[in-house]
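Values below: every heavy atom of this structure, side chains too, minus hydrogens, waters and symmetry copies. Just so we're clear, the structure is a prediction, and the values are computed from it rather than from any experiment.
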Amino acid sequence: MALVAGVGGFTLYFVLLRRLGPFSMGLLEYVIPPFAALTGWYYLDERLGATAVLGFALVLVGFAVVKRGRLLAAVGARPDTAK
């Protein structure tokens, strides 16, 4: 199981690295802790404190700020006119 996850994970990482670039892949590292905490909450009934939820929300806002041009383009707004 570790072999499949390790090989699959690294293969996916390098495919995405080529497609998205190093900057976007660096941002991916900020998604791992919230994903792990939410998985633990859902499957293992672990508790999430208010501080953790606030931290996850701040990470989400940070992503939105960094990727605002792409997000605006995805919803059909022009980034240079949406101020």
Side-chain angles (χ1 to χ4, degrees):
M1 191 164 146
L3 180 64
V4 172
V7 171
F10 274 109
T11 301
L12 180 62
Y13 178 81
F14 285 112
V15 167
L16 289 174
L17 181 63
R18 187 177 314 130
R19 178 176 282 178
L20 300 175
F23 180 76
S24 293
M25 289 305 293
L27 290 175
L28 181 66
E29 296 298 321
Y30 290 100
V31 176
I32 294 170
F35 181 76
L38 291 173
T39 301
W41 168 75
Y42 186 78
Y43 288 107
L44 303 175
D45 202 28
E46 294 178 350
R47 293 179 19 183
L48 287 176
T51 306
V53 173
L54 177 63
F56 299 157
L58 288 174
V59 168
L60 183 63
V61 168
F63 269 102
V65 168
V66 170
K67 293 293 190 176
R68 68 186 171 275
R70 184 170 281 195
L71 290 171
L72 290 171
V75 297
R78 293 187 48 171
D80 56 341
T81 61
K83 293 187 180 191

Contact list for residues 41-54, test side-chain hydrogen bond (donor to acceptor under 3.5 Å, both in side chains), sequence neighbours left out: none
Smallest separation among heavy atoms of L17 and M25, with atom names: CA-CG, 3.6 Å
Student check: side-chain heavy atoms of V31 and V59 closer than 4.5 Å: no
Exercise: identify the closest heavy-atom pair between F56 and A37: CZ-CB, 3.5 Å
Members besides V61 in its Ile/Leu/Val/Met/Phe/Trp/Tyr cluster (side-chain heavy atoms under 4.5 Å): V65
Same apolar cluster (I L V M F W Y, side chains within < 4.5 Å links), F14/L12: yes
Within one Ile-Leu-Val-Met-Phe-Trp-Tyr cluster: V53 and L60, side-chain cutoff 4.5 Å: no
Shared hydrophobic cluster, F63 / F23 (ILVMFWY, side-chain heavy atoms < 4.5 Å): yes
Residue pairs involving residues 16-32 (criterion side-chain hydrogen bond (donor to acceptor under 3.5 Å, both in side chains); sequence neighbours excluded): S24-K67
